[in-house]
Amino acid sequence: MATYTESGAPVITVDDTNLTDEAWSADRAYAEWEYAKVFECPADLSLYVDGEYSFDHLNEAEIVETEDYDTATVNVNCYALDVSKTVETSFTRTWDWEIEKTVTPEQHDLFTGDSADSLYTVTATKAGYVDSDWKVFGTITIINPAPIDAEIASVKDIVRPGTAQIDVDCGVTYPYTLVAGGELTCDYSLDVPDAAATRNTANVRINNTTANGMKKTTQLSSGPVPIDWSDADITEVNAEVNVTDTNGMLWGPVSETTSWTYTRTFECDADEGEHPNTAQVIGDNDVVLDSDDALVDVNCYALDVSKTVEASLVRTWDWDITKGPDGEYSMFIGDPAVTHTYIIDVDKLGFTDSDWVVSGTISVYNPAPMGATINSVSDIVSPDILADVDCSVTFPYTLAADGTLTCTYSADLPDAADRTNTATATLQNYHYDADLNATETGTTDFSFAAAVSFADPVVKEVYAQVNVTDDYGTPEPGDDLVFGPFGDDDSVGYPRNFSCPTDLSLYVDGVYEYTVINTATIDETGDSDSATVTVRCYAPTVDKTADATVTRTWAWEIDKEASESNLMLDPYDVATVNYDVTVSALPAETWEVTGTITVDNP
């Protein structure tokens, strides 16, 4: 110990390293000072290990004048609640799906009996996603490593960027005493608007008591913990979808863009009209995410068959002819001719019908916008009479769109009974694939029936009118008599004279007889009838004697002429006149036969 020699009163100065702006002084042999020093635990939590941080505070008091000193050491044990946390993230990723449905061909123009395929393509496209329902959540664990209790005023959590304070559920009431060595676990959860949050800090406020006994709070933090959205718990909505189709198709589930194709066959006439069809993307909870429509329009066409019907027959009229009367005449040679009048009667007896025929035209019209392949056109009269049909084309025949095929037909019938006449056009049917390649299938008949009636037929009359030729009883055609035409019952007469020949060489024993057979014939039918006239001629025989005498008598004539018949003379003139006198004689003979005549009448 140092010796200090004091002269005068003893005064010393004492410095204390805890007091940087204060010194003590003493002027007596004993002095004592007291002061308080506040020790605080550092707020730098990085200094703490397992929530504990200790340090020694060495303090020296020195007498300035003597440099005597003494030290005091304060050991400070600091405790920080160990605040740790887990940070978990989650969000909902809702996938957006689009669907496209196409069909080809979109329109079918078909005939009855045709069929065609349409190829549908359905594409479900995973178009992207929309994230939502971001959430930051986890647990906050608070451990009290100190041998003393800690009073927790509050537990909060904050997400940055942002200032939102998250309510934390620790299941306790504040202030809460976390006993020495105790642990408190809390849950927190925060909905955030997006994935911009990058860090998360848990803040625990504890109540402290200051050196002067005042209450204060100290905030302890877990420190910012990164928010890792890349490792988030993702709730995917509509990650997989099913696809339905109102044509009865169902696909899925699928998780990527996928296309499907299928065909549907349409038949005429069963499927005529519009066929709307919808494909839908069905997401979670059977929610329809998107839909698309495809429409197939099926137009069905039928050949239009029509016909005309004309009934015809041949009506053959029956005729009868009679000629008369017969006659017998007796007369003498040299008698005047006798007149015989012939009468020809023609009678229209009735008719016989035959050659019944039905005929007309068959028209086949194609109303479709495409050609029609016609294999045949036929016509049948009930029950099974096949008509002859002439269309002037070669089958199979392609009938153009909006075109008409006109045919003629004719069928011989056995009688005039009522019948049904059916015309049929046979169409070749096709099946068309989606590329419009055609394959022959069956055939379809298009028919039109009409009644056959002979109530008002077209009548071809045979022998409706006739002519009559009368041979006049001679073999010479030039002698023929022609009468007509006759259309109904009629009569005609004509006279003919009969006489006896004067050629006596024809007579035998004074008798000559001849017969004239006269025939009248209907020219058209050949029917005929004859009338016979017999003429018996008589020539009486004459026997005679004859004595002949001739008497000749002469007759004289005289003729006289003067050379001048009229003279004009002056007085005393003289003129000479010559006279010519002629006489002539002509004989006149008279023959005379005399005798006896004997006449014998045979």
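Values in this document were obtained by computation on a predicted structure and should not be read as measured data.
For the pair R264 and Y120, the NZ or CZ position fails the cation-pi test of under 6.0 Å to the six-membered ring centre and within 45 degrees of the ring normal.
For the pair Y188 and V87, the minimum side-chain heavy-atom distance is below 4.5 Å. Side-chain contact check for Y430 versus E440: some heavy-atom pair is nearer than 4.5 Å. Considering only heavy atoms from C-beta on, D471 stays 4.5 Å or farther from D479 through its side chain. Taking 4.5 Å as the limit, some side-chain heavy atom of R419 sits within range of a side-chain heavy atom of I385. Between D228 and T89 the shortest side-chain heavy-atom distance does not fall below 4.5 Å. No side-chain heavy atom of S90 sits under 4.5 Å from any side-chain heavy atom of T235. Between F448 and I362, the closest side-chain pair of non-hydrogen atoms is not below 4.5 Å. No side-chain heavy atom of D418 sits less than 4.5 Å from a side-chain heavy atom of F454.
Among the candidates T404, D402, D304, T406, the single residue satisfying the side-chain hydrogen bond (donor to acceptor under 3.5 Å, both in side chains) test with Y365 is D402. Exactly one of T424, T422, T426 qualifies for a side-chain hydrogen bond (donor to acceptor under 3.5 Å, both in side chains) with D445. That residue is T426. Applying side-chain hydrogen bond (donor to acceptor under 3.5 Å, both in side chains) to D117 and the options T265, N437, T263 leaves one that passes, T265.
For the residue pair T361 and T308, a side-chain donor N or O sits within less than 3.5 Å of a side-chain acceptor on the partner. No side-chain N or O of D187 forms a donor-acceptor pair with one of T139 less than 3.5 Å apart. Looking only at atom types and distance, the side chain of T439 has no donor-acceptor partner in the side chain of H431 under 3.5 Å away. Under 3.5 Å, the side chains of T261 and T121 contain no donor-acceptor pair of N or O atoms. For T441 and N429, the side-chain atoms include no donor-acceptor pair closer than 3.5 Å. Side-chain contact of D480 with T469: a donor-acceptor pair under 3.5 Å is absent, judged by distance alone. Side-chain contact of Y342 with D470: a donor-acceptor pair under 3.5 Å is absent, judged by distance alone.
The two residues T339 and P495 come nearest to each other via the heavy atoms CG2-CB, 3.7 Å. Between V305 and S447, the shortest heavy-atom contact is CB-C, 4.3 Å. Minimum heavy-atom separation, T515 to T532: CG2-CG2, 3.3 Å. Of all the heavy atoms in V296 and P105, the pair that sits closest is CG2-O, 4.2 Å. Nearest heavy atoms, V466 versus I522: CB-CG2, 3.6 Å. Here the closest heavy-atom approach between residue F266 and residue H275 is recorded as CE2-CG, 3.6 Å.
K307 has a carboxylate O that lies under 4.0 Å from a charged side-chain N of D379, or vice versa, which qualifies the two as a salt bridge. D167 and K156 are joined by a salt bridge, as a carboxylate oxygen and a charged side-chain nitrogen come within less than 4.0 angstrom of each other. Between R93 and D131 there is a salt bridge, with a side-chain nitrogen of the basic residue lying less than 4.0 Å from a carboxylate oxygen of the acidic one.
Panel note: side chain T246, backbone T278; a donor-acceptor pair is recorded below 3.5 Å. Between the side chain of W319 and the backbone N or O of Y463, at least one donor-acceptor pair lies under 3.5 Å. Counting only distance, with no hydrogens or angles, the side chain of D245 and the backbone of N247 share a donor-acceptor pair below 3.5 Å. In this structure a side-chain-to-backbone donor-acceptor pair under 3.5 Å is present from S382 to T420. Side chain of K348 to backbone of A464: a donor-acceptor contact under 3.5 angstrom is found. The main-chain N or O of T94 is never found under 3.5 Å from a side-chain atom of N238 such that the two would form a donor-acceptor pair. Judged by distance alone, the side chain of N375 and the main-chain N or O of P396 form no donor-acceptor pair under 3.5 Å.
Environment of CG in D415: crowded, with over 12 heavy atoms of neighbouring residues, nucleotides or ligands closer than 6.0 Å. Within a 6.0 Å radius of CD in E106, other residues, nucleotides and ligands contribute 12 heavy atoms or fewer. Within a 6.0 Å sphere centred on CG of D194, heavy atoms belonging to other residues, nucleotides or ligands number more than 12. Counting heavy-atom neighbours within 6.0 Å of D286 CG, excluding the residue itself, gives a total of 12 or less.
Note that OG of S189 is 4.0 Å distant from NZ of K135, once rounded to the nearest 0.5 Å. In this structure, the separation between CD on E240 and CH2 on W95 is 12.0 Å, given to the nearest 0.5 Å.
Ring geometry for F91 against W229 counts as tilted: the plane angle lies between 30° and 60°, on a 0 to 90° scale. Ring pair F395/Y397 is perpendicular by interplanar angle, where above 60° counts as perpendicular and below 30° as parallel.
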Would S410 and D388 count as a side chain to side chain donor-acceptor pair (under 3.5 Å) here? Give the steps. CA-CA 5 Å; S410 178; D388 292 329; over 6 Å; no
Under the side-chain contact (heavy atoms from CB on, under 4.5 Å) rule, what do D290 and D292 come out as? Steps first, then yes or no, please. CA-CA 7 Å; D290 193 19; D292 195 19; 5.9 Å; no
Go through T125 and T257 one step at a time and tell me if the side chain to side chain donor-acceptor pair (under 3.5 Å) criterion holds. CA-CA 4 Å; T125 301; T257 297; 4.7 Å; no
